[in-house]
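Data first, discussion second: the structure below is written as C-alpha cells.
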2 protein chains.
Amino acid sequence: MTRIRIALSQIDPTVGDLDGNAELVLGRTRRAAERGATLVAFPEMALTGYPVEDLALRSSFVEASRLAMEHLAGRLAAEGLGEIAVVVGYLDRCEASTPRLGRPAGAPQNAVAVLHRGRIAARSAKHHLPNYGVFDEYRYFVPGDRLLVARIGGVDIAIAVCEDLWQEGGPVAAARAARVGLLLSINASPYEVSKDDSRLDLVRRRAREADCTLAYVNAFGGQDELVFDGDSLIVDAEGRVLSRAARFHEELLVADLDLPQRTVDARLARTDDTVADDLTIRHVVLTEESAPPPGPAAEHTIAPALSDDAEIYGALVTGLRDYVAKNGFKSVLLGLSGGIDSALVAAIAADAVGGGNVYGVSMPSSYSSEHSRDDAADTAERIGLDYRQVPIAPMVDAYLAALGLTGLAEENLQARVRGTTLMGLSNQEGHLVLATGNKSELACGYSTLYGDAVGGFAPIKDVPKTAVWRLARWRNAEAERRGEVAPIPVNSITKPPSAELRPGQVDTDSLPPYDLLDAILDDYVERDMGRDAIVAAGFEPALVDRILALVDTAEYKRRQYPPGTKISLKAFGRDRRLPITNHWRESG
Amino acid sequence: MTRIRIALSQIDPTVGDLDGNAELVLGRTRRAAERGATLVAFPEMALTGYPVEDLALRSSFVEASRLAMEHLAGRLAAEGLGEIAVVVGYLDRCEASTPRLGRPAGAPQNAVAVLHRGRIAARSAKHHLPNYGVFDEYRYFVPGDRLLVARIGGVDIAIAVCEDLWQEGGPVAAARAARVGLLLSINASPYEVSKDDSRLDLVRRRAREADCTLAYVNAFGGQDELVFDGDSLIVDAEGRVLSRAARFHEELLVADLDLPQRTVDARLARTDDTVADDLTIRHVVLTEESAPPPGPAAEHTIAPALSDDAEIYGALVTGLRDYVAKNGFKSVLLGLSGGIDSALVAAIAADAVGGGNVYGVSMPSSYSSEHSRDDAADTAERIGLDYRQVPIAPMVDAYLAALGLTGLAEENLQARVRGTTLMGLSNQEGHLVLATGNKSELACGYSTLYGDAVGGFAPIKDVPKTAVWRLARWRNAEAERRGEVAPIPVNSITKPPSAELRPGQVDTDSLPPYDLLDAILDDYVERDMGRDAIVAAGFEPALVDRILALVDTAEYKRRQYPPGTKISLKAFGRDRRLPITNHWRESG
C-alpha cells in the first residue's frame, strides 16, 4: 500500500472554447499541485466542452483539439506543473482508421490524455458509446479498443470514460482482470431528477466489480438543454463513499487514498493480449514511486445531499445562468403576467443572473384582470427587477382593424403582440428573452407559436405545472429559512391559472385539472406507457384519449419552442424525437 | 432458367398511418396480380412509413405494426391475393433480445415480411444500420443477423433492406456466397442532388458483386424534411439496366426476368452456418415452380433521366405537396414581396397544391418600392392565386409609439408585423403559412426570428440563392416549352435583391455578392472544408472570415426556422447538428 493524494477537478467547460478551457485546466492544476496532489483529473472532453455534436466531424476542429492538448502539456511544464499527472478528456482521432461509409468522417474519438513532464504521456478513447436518450455517439465517434492503465506514483490506474462505467462489461471487467489499484472515471454526465442516487448505486457496484477504489469526476454547468450536476465522488472497493463533491458548483475534491502498489502483472503490461470483452491493456509507466503527500492529511469531505426540489431548482438556475453567460448576454427580459409560471421564471432568473439584470414587462390587455397587474408588480418588487408596463391594446386594435380576426385567431394575436413587444425590446436593449411555458402546456400544445413561445431560452420548459407550484413554494420557504423576502407572491401560487386571452378564461376550460393531467402525462411521456396501460392504471378512458390526442398532435409547436433546461428522462427536444408528419394516434 | 414476372411498387406511405398504408399495399398488390406478377415488392417500412423516429421505442406502436402485418396477410388471402408473394417493410421486434442499457427499448427492428397464402411466410431484418447524415438507426433498431432467401417460383431470392446495399460486405457478400438467383433490395432512400447517379453506380456494382440480377424498389414522397425520389430499378448481373421507374411519382414497375432456378445449395439452406460477415442464411421455400407469365411479355421501360434543375424542382414540389396534404391542410399562405424568393415559392406552391389553393399577401411598408408592389401583383396574376394587400404601417406605428424602437429593432419589427399578419390570417382562414427564406440567408442568419421565419414549412430552405434564380429561370423556360404563362415575373429575377426594411437597402449592404457567398458556403457547409483550405482555394481571407463568422453564430436562428425540403447532402437541420452554445470560431 502507498498513500497517494489525488484531486478531482469538477469544472464547467464551454463547448468550442479550446483556449478558455485549457486556461481553466491550467489554473485548476496549479491549485491541485499547491495542495500536493500527485494526480488531478478533469471531466470527459473538458478541453472541447461536451457535447460538441457535428463539430466532431470537422477535421479542422479535431486538429485544433489535438494541437491544443499538445500546447497544454507544454505550458503545464513551462509553468512548473510538469510533475503532477493531469488526466483530461478531449477530442482526438483514430489514426488507424480508414474512411468507410457508416464510420464518422475523420474517425474522431472521445479521448483522454494523461499529461506529464511536458508531453502527452498516454492517450486512450471511450469504448462504450451511448446512442440513446440525449446521446448520439455512434454518429460522432469511433470506439476505443484498449483500456489505458497508467502507473502513477507506483499505483496502476485504469482510466475509463463516462459510459464505460454504465454499460456491462468492457473497461470495468478489463480493469478487474488487469488487477489495477484504482479505476478513474471521467464524465460529462447530464443531470436528471435523482441522478445522484442512480449514479451512487452504479459507482458502488462498479467499484465492487472492479475490486478497487473508484474515483469519479464529473463536469458541472449548462450546455444548451443539458445540465451537468457535478457530484464527483470516490468510493472504496467495498463501495463505501470516501469523498463526494457538491452539485451544481465548481469544486476541487482532494483526497488521500491508500492504494496497492504495482498490482498489474509486468508480463500482462508488456503484451497486447485481450483481457476482457475484446479490450487489450495499454500499460504506461509514468512514475514508480511518489513522495508521501505533504502537510496534514487531506480531509475527506462529503457534501450534504439535496432534496429533489433543491436539486431541480439548482439545475434550472445553473442551466439558465450558463446559457445567458456563454451566449454573451448580460441580462434577461420576460413578460410578467402575474401568473405562477412567469413568477417562478423571474425568481430563477434573479438567482441565475441577479435581480438587477432581470427586466420584466407587464403587457395587459382588456382581458387582463386587476389582480394580474398587481401580482406582476408585486413579483417585480419582491425580486427587485426592472419593471415596466406596455398595454397592448393599440397594437391589437391596429391588427384587428386591418385583418378582422375573431375567436382563437384573436386570442393568438394578443400572445403574438406580446411576443413581438418582447423581441422589439430585446433587439433595442440587448436582453435575452425568456419564454415562460411549462412542460404540461408544451405537452398539450397549449401555447401560441410566435406568441408566448417567443424567446431564446425557456427555463421551465421541462417542469410540469404541478412541479411549478411545488418549486415556487420551495423557493419561498427557502427565502423564509434564510430570512429573506419570498420572491413569489402567494396570490400567484394560489389563484386558478388562466391565459386571460378572453373574458373569464381559465386553463380548465381547455385542459383537465393539472394534477390529473400531469399524472397522465407522466405515464404517457415519461414512462412511454400505451393508451390501454394508462386506462388500466385507473384513468377515465375518454380523458386519456383526449390528452393523448393533444400530445400526439403538438409536435410542431414543441419543435419551435426555445430550448430549455432538461431535468427529466424524457424532455421534449433532445430525449423525445418524433416526426411532425405523423398519423399514429395512440388514442386509437 | 425460368421466366418470372416481378412488380416493384413505388408508393408514398404516410408515417404512422398503418391502416392507410395497408390499404395502399392491398390495392397495389391487386394491380400487380392483375398484371400477372408472381412477386410484388414494396419499400422499406412501407407499412409504418419511414422514418418513424422515436415511435420505434413505443411498444404499443411496435405491436400495432406487427398486428397490422398479420391482418394484411389475412386480408390479402381473403381478397383472392394469397398466391402472389408480397414483400413489405415494417416495424417488428427482435424476440430473442433481452433489455440492456445501450440497446433500444423493446429491441425494435427495421424488418421485412414475405406474405403468402394468408400468412407471414418469412421475416427478416435490416443488418447494416445507418447512423450518419439524416439517419439515427442505432438509436431505433437492433440489427438483423440473417440473410433471408425465399424460394419463389423456384427462384432463390435474397432480400436486403436499404443500407444493406450501401455498406461493404454483409448481405451482398452473403447473397453471392449463397448463390441466389435474384437480390431484392427494399428502400426508403432520401433524395439529394444527383442521387440517381450515385444510386445507379451502386446498384450496378452490387449486382456484379452479388453475381445476380438486382431489383431495387424505393419509396417516393415527402416526410417532413425528407423527400424520397422513387427511381426503382432492375439491373442484370453484368450491371445493365433492364427497367427503371420515374422519379417523384407513383409507379408499378413490372418486368419479366429470366432467372436461374434453385441455385441455393439444399445443404446450405438447411443449416445455420455463417456464409459471410457473420450472417447466416435463412432459406424459406414458398413455391418451387411458377406458371409462365400470362399474356404478352411485360415491356421493360426506362424512365427518361431528369436534369439537375428538373429533379430539384420535382423534389421541392413533392416535399411541399406531401407536407401540406399529410398534415391536413388544403391551402397555403405566403407573403409576396415582389422578390425572387417569394415568387419561386409561389410557383412551387401552385405546382404542389394548385394555384387556386395558394393565398398571397402583399404587406408593403413605407420602405416598399412601387416596383415591389407591382411585381407581387404580377406574380399573383401569373399564378392565378388569391391576392390581397395589407399595408403594415398602422401596426408598425402602434409599436413604435409604445416602444420607441430604432435601427435594427425597427427593421426586425416590420418583419415581425408581417409574420403576425400571416399567422393571424392562417388562424382565421386555415391555410398553412410558408416561409420563403433560402439557404444562403439561413446560413448567414440574414433573417428575422418570428418575422420572415414564421410558418409551418419552408419550401426553399435548402436552396442557395444562386440556385433560386436558376430554378426560377428553369421553371419559366418549362412554361414556355409547354406553351403556358411563365409564373415568375422577369423583373423579380433580374432586379437586385433587397429586404426593403430601410430606405434604399439592398442585400449587398450586409452580404457579399451571392455568387461569391454561395461558393464559399458550398466549401464550408457542404464540403466541411476548414478556413485555411477555403482561403487556399483562392478566396479573400477577410471575406472568408466574415462569412464563416456569420455561419458560426447563426445556429439558433437556423434551429427556429420551419422545416423545409432537404435537397443537399448538408441541409441545415437533419444533416448538420451543431450546438447553439458554441465558442468555436472557424474563422480563427
Side-chain angles (χ1 to χ4, degrees), chain A residues 14-17 53-55 57-61 101-102 128 130-132 136 138-139 166-167 223-224 323 326-327 390 394-395 398-399 401-403 405 408-409 412-413 416 419-421 423-425 427-428 449-450 454 456 528 530-531 556 560 563 576-584 586, chain B residues 14-17 53-55 57-61 101-102 128 130-132 136 138-139 166-167 223-224 323 326-327 390 394-395 398-399 401-403 405 408-409 412-413 416 419-421 423-425 427-428 449-450 454 456 528 530-531 556 560 563 576-584 586:
Chain A
T14 297
V15 163
D17 187 8
E53 305 193 41
D54 274 13
L55 286 177
L57 308 178
R58 289 200 75 86
S59 60
S60 50
F61 186 66
L101 189 68
H128 284 309
N131 205 76
Y132 53 85
D136 297 286
Y138 276 100
R139 179 180 177 89
W166 289 85
Q167 292 196 25
Q223 167 61 31
D224 294 349
Y323 193 86
K326 291 179 177 179
N327 285 295
V390 180
M395 288 79 91
Y399 283 106
L403 305 173
L405 306 180
L408 193 61
N412 283 332
L413 173 66
R416 292 195 181 110
T420 299
T421 298
M423 290 306 296
L425 294 173
N427 280 172
Q428 190 78 22
L449 269 174
Y450 320 123
V454 149
D528 265 330
R531 184 256 184 204
Y556 187 79
Q560 297 302 104
R576 209 170 168 274
R577 305 180 188 176
L578 288 170
I580 297 168
T581 305
N582 171 15
H583 286 223
W584 172 245
E586 184 78 32
Chain B
T14 298
V15 163
D17 186 9
E53 304 191 39
D54 275 13
L55 286 177
L57 307 178
R58 287 201 76 85
S59 61
S60 49
F61 185 67
L101 189 68
H128 284 309
N131 205 77
Y132 54 85
D136 297 286
Y138 276 100
R139 178 179 176 90
W166 289 85
Q167 293 196 24
Q223 166 63 31
D224 294 350
Y323 193 86
K326 291 179 176 179
N327 284 296
V390 180
M395 289 79 90
Y399 283 106
L403 305 173
L405 307 179
L408 192 62
N412 283 331
L413 173 65
R416 291 195 181 109
T420 298
T421 298
M423 290 306 296
L425 294 174
N427 280 172
Q428 190 78 21
L449 269 174
Y450 320 123
V454 149
D528 265 329
R531 183 256 185 205
Y556 186 79
Q560 297 302 102
R576 209 168 169 275
R577 306 181 187 176
L578 289 169
I580 297 168
T581 305
N582 172 15
H583 286 224
W584 171 245
E586 183 79 33

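Below, each value reflects all heavy atoms present in this structure, side chains not excepted, and no hydrogens, waters or symmetry copies. In what follows, chains carry the letters A, B, and so on, assigned in the order in which the sequence lines appear, proteins first and then strands, with residues in each chain numbered from 1.
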Heavy-atom pair with the smallest gap, counting every atom of [X] and [Y]:
X         : Y         : result
Ser60(B)  : Gly530(A) : OG-CA, 4.0 Å
Ala398(B) : Met395(A) : O-SD, 3.7 Å
Asn582(A) : Gly16(B)  : OD1-CA, 4.0 Å
Pro563(A) : Tyr556(B) : CD-CE1, 3.5 Å
Ala409(A) : Gly424(B) : CB-O, 4.0 Å

From [X] atom [atom1] to [Y] atom [atom2], the distance as rounded to the nearest 0.5 Å:
X         : Y         : atom1 : atom2 : value
Glu53(B)  : Ile580(A) : CD    : CD1   : 9.0 Å
Leu405(B) : Met423(A) : CG    : CE    : 11.5 Å
Arg58(B)  : Arg531(A) : CZ    : CZ    : 13.0 Å

Using a cut-off of under 4.5 Å for heavy-atom pairs, which of [options] has the most such pairs with chain B?
options                         : result
Arg576(A), His128(A), Gln560(A) : Gln560(A)
Leu55(A), Leu408(A), Leu425(A)  : Leu55(A)
Leu57(A), Asp136(A), Val454(A)  : Val454(A)

Given that the side chain runs from C-beta out, which part of [X] has a heavy atom under 4.5 Å from chain A: side chain, backbone, both or neither?
X         : answer
Arg139(B) : both
Tyr399(B) : both
Pro579(B) : both

Students often mix this up, so state it plainly: with edges at 30° and 60°, are the rings of Trp584(A) and Phe61(B) parallel, tilted or perpendicular?
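Ring orientation of Trp584(A) relative to Phe61(B): perpendicular.
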
With side chain to side chain donor-acceptor pair (under 3.5 Å) as the test, pick out the partner of Arg416(A) among Thr421(B), Thr420(B), Asn427(B).
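So the option named by the test is Asn427(B).
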
For Thr581(A), the option from Asp17(B), Asp224(B), Thr14(B) that meets side chain to side chain donor-acceptor pair (under 3.5 Å)
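Answer after filtering Asp17(B), Asp224(B), Thr14(B): Asp224(B).
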
